[in-house]
Amino acid sequence: VIINVKELVFFSILLLLTDIFKFGVSFTTYLQTLREISKVQVSAPEPGPSARAIEIEMAVSSSNTNVMEQEIMKLEKYEEKVELLQEQPKERVHSIKSPFLQMNDDTKTDTDTDTGTNAKYMNAFIILNSPIEIHSSLNDNEESQSSQSSPSSSLSYNINPIFDTLWNISSYRVCADGGANRLYDATEKARTNNQCSHNTNTNTNINANANANKKQYIPNLIKGDLDSVHRDVVRFYEQNGCQIIQDFDQNTNDLDKALQEVHGWRSGILSKTAENDCTEEGQVQGKDGAKKDGNEDDNENNNEIVVQVYIYGAFGGRFDQEMASIQALYKWADAFDYRIFLYNHETCSWLLKPVAMLDEHDKNVIHDNYNNCCVKNEISIPFYGEKGREEGTRPQKEDGIVVGEGPTCGLIPIGCKSNRVKTKGLKWDLDGSSASTLEFGGLVSSSNRAMEDVVTVYTSDPLVFTAEIIINGN
């Protein structure tokens, strides 16, 4: 076959021009795609048909496939981010309910919790090496005869109602080393005072009641290096069924040692609850062991277990020991989901959960561990309002003693600065702006006042809430 050189050159040039044209079309399409992507990034349109159209246009192009696939992936990730930012943050409630309100709540459950389900409280109680006050009250059976007897004969001595309430609502009780001495001494002092304040005709009954009362306060466990607890105290509690654990670790204090045991108890409860929930699909276990249909209402099985720890004796002694108690709030916060509470007969404190919050000024959302979730602390205390006790609820014990937290309270930024704090229900509320930053050397919310039955606090950082405790309105 004879090929004309001129024809060969002509066809070669024609093929070259054809390739150049195809490349030009593809390159033009690619540039248009990049321009569309740039527009999407600038204007951030709602994800949907427009993004899908760009993806289809990219797929039609036959060249530069890898580059366009990368651009598609970038676009999809950007759209996901836009969707996340456009969502309103969900709200979770970290509910904190006064133990004195729990004591007067027959159901012992609450629905305003982190889980959004019914919550059943299970409490542990730790007693530190600090004095336990004795409370005197008028005997009901002698009140009518008080005019015919001496004032001392009408008084009855008991452990103070704050300690008594925390003991009674708790299922697991631990004495931290020398705390066992304090418990023993308090019950013995109440017994002795009762014996001395009554005439000899009633001594037999008083002694019997005092001994029964003394054996009523038997802890589940005494733990520590046992350098403070007296031998006779250990012997008494051990003979009455209390477990004794000696721990010589000098890198942990007695409170840490006690919290280690309580954490193990808590883990056992939650593990057992999880096992009970793993029943056959569509069925739950009834109280009698029989299977029930999953649609039947069974409040006991629907309750979420919330484990709380109350610590008595955290205040009023040496300052370094008070700081060790505050430090435990931070150290053990995650382990107990911010449910450790410090008490004595005059005041109480606990650590508020740091939460995501939507700032009203610049609309910046701070995300927390729950992923785009806004968490608020809701605090329910008995006494609130300008008149405190008169306007607040009145939790009554059987002997008529009125006791509970509030209305005076405070927000203390111990350990770190709280950059943004927003409150509702206080006399002097904080608005969540930069001016509401709490820190030492700056603003500290002390001597504030609860004005509503539920106080709401949002905080960007851990923050200590504290309140006074009222007994008989004093």
Side-chain angles (χ1 to χ4, degrees), residues 96-106 108 121 123-128 130-143 152 154-175 179 182-194 197 206 209-210 212-219 308-317 341-350 379-384 388-390 392-409 450 453 466-474:
I96 301 168
K97 190 173 186 178
S98 164
F100 306 101
L101 295 178
Q102 294 179 44
M103 192 68 179
N104 290 271
D105 184 2
D106 295 334
K108 300 295 188 298
Y121 295 106
N123 304 314
F125 187 34
I126 296 177
I127 304 162
L128 300 182
S130 184
I132 300 172
E133 293 70 22
I134 301 302
H135 184 84
S136 61
S137 60
L138 192 66
N139 280 325
D140 293 337
N141 59 349
E142 294 184 356
E143 185 174 1
S152 61
S154 63
L155 292 178
S156 176
Y157 295 88
N158 297 285
I159 289 180
N160 72 80
I162 296 97
F163 183 97
D164 189 55
T165 297
L166 298 178
W167 178 279
N168 288 329
I169 67 171
S170 299
S171 305
Y172 189 61
R173 307 166 182 111
V174 180
C175 286
R182 303 295 187 172
L183 179 61
Y184 184 90
D185 292 345
T187 53
E188 179 66 16
K189 183 177 179 180
R191 184 189 69 82
T192 303
N193 287 348
N194 281 326
S197 64
I206 293 299
N209 291 335
N213 186 54
K214 186 175 180 179
K215 290 189 176 182
Q216 174 187 354
Y217 292 98
I218 303 296
Q308 305 179 125
V309 184
Y310 294 97
I311 300 172
Y312 188 88
F315 307 107
F341 307 91
L342 306 179
Y343 276 79
N344 76 347
H345 68 291
E346 293 180 322
T347 189
C348 59
S349 294
W350 56 83
I379 305 164
S380 301
I381 56 178
F383 301 124
Y384 55 90
R389 177 183 174 186
E390 287 76 7
T393 56
R394 297 188 178 189
Q396 294 280 349
K397 292 172 63 68
E398 291 181 358
D399 55 7
I401 295 175
V402 182
V403 58
E405 305 93 342
T408 304
C409 60
D453 58 340
T466 184
E468 69 171 329
I469 294 180
I470 291 177
I471 301 178
N472 282 335
N474 299 322

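Counting begins at 1 with the first residue of the sequence. For the numbers below, each heavy atom of this structure counts, side chains included, while hydrogens, waters and symmetry mates do not.
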When rounded to the nearest 0.5 Å, the distance separating NZ of Lys189 from CD1 of Ile132 is 11.0 Å
Using a 4.5 Å cut-off on heavy atoms from C-beta on, say whether the side chain of Ile469 contacts that of Tyr343.
yes
Within this structure, what is the CD1-NE2 distance for the pair Ile134 and His345, rounded to the nearest 0.5 Å?
11.5 Å
Which residues share a ring pair (Phe, Tyr, Trp, His ring centres under 6.0 Å) with Tyr312, sequence neighbours left out:
Phe163
For Thr466, which residues count as a side-chain contact (heavy atoms from CB on, under 4.5 Å) partner, sequence neighbours excluded?
Thr347, Ser349, Ile412
Are any of the side-chain heavy atoms of Trp167 and Leu183 separated by less than 4.5 Å?
yes
May I ask you to test the Asn344-Ser130 pair for a side-chain heavy-atom distance under 4.5 Å?
no
Ring pair (Phe, Tyr, Trp, His ring centres under 6.0 Å) with Tyr172: which residues, sequence neighbours excluded?
Trp265
Could you check Tyr217 against Asp164 for side chain to side chain contact (heavy atoms under 4.5 Å, CB included), going step by step and ending with a plain yes or no?
CA-CA 9 Å; Tyr217 292 98; Asp164 189 55; 2.6 Å; yes
Mind checking the CD1-CD1 spacing from Ile471 to Ile162? Nearest 0.5 Å is all I need.
3.0 Å
Give the minimum heavy-atom separation between Ala467 and Gly406, together with the two atoms involved.
CB-N, 4.2 Å
A side-chain contact here means heavy atoms from C-beta on lying under 4.5 Å apart; do Pro407 and Ile381 qualify?
no
Taking side chain to side chain donor-acceptor pair (under 3.5 Å) as the test, write out the residues that go with Thr408, two or more places apart.
Glu468
Counterpart residues, side-chain contact (heavy atoms from CB on, under 4.5 Å), relative to Ser98 (two or more places apart):
Phe100, Leu101, Pro382, Glu405
Would Ile96 and Phe341 satisfy side chain to side chain contact (heavy atoms under 4.5 Å, CB included), going step by step from the backbone distance to the final call?
CA-CA 10 Å; Ile96 301 168; Phe341 307 91; 3.5 Å; yes
Given the rule in the side chain to side chain contact (heavy atoms under 4.5 Å, CB included) test, do Tyr121 and Ile169 qualify, once you have shown the distances and angles that lead to the verdict?
CA-CA 9 Å; Tyr121 295 106; Ile169 67 171; over 6 Å; no
Can you list the steps and then say if Tyr310 with Phe125 is a ring-ring contact (aromatic ring centres under 6.0 Å, His included)?
CA-CA 5 Å; Tyr310 294 97; Phe125 187 34; 7.7 Å; no
To the nearest 0.5 Å, what is the distance between CD1 on Ile126 and CD1 on Ile311?
4.5 Å
Value for CD (Glu346) from CD (Glu133), rounded to nearest 0.5 Å, stands at 7.5 Å
How far does CG of Asn123 sit from OG of Ser171, to the nearest 0.5 angstrom?
6.5 Å
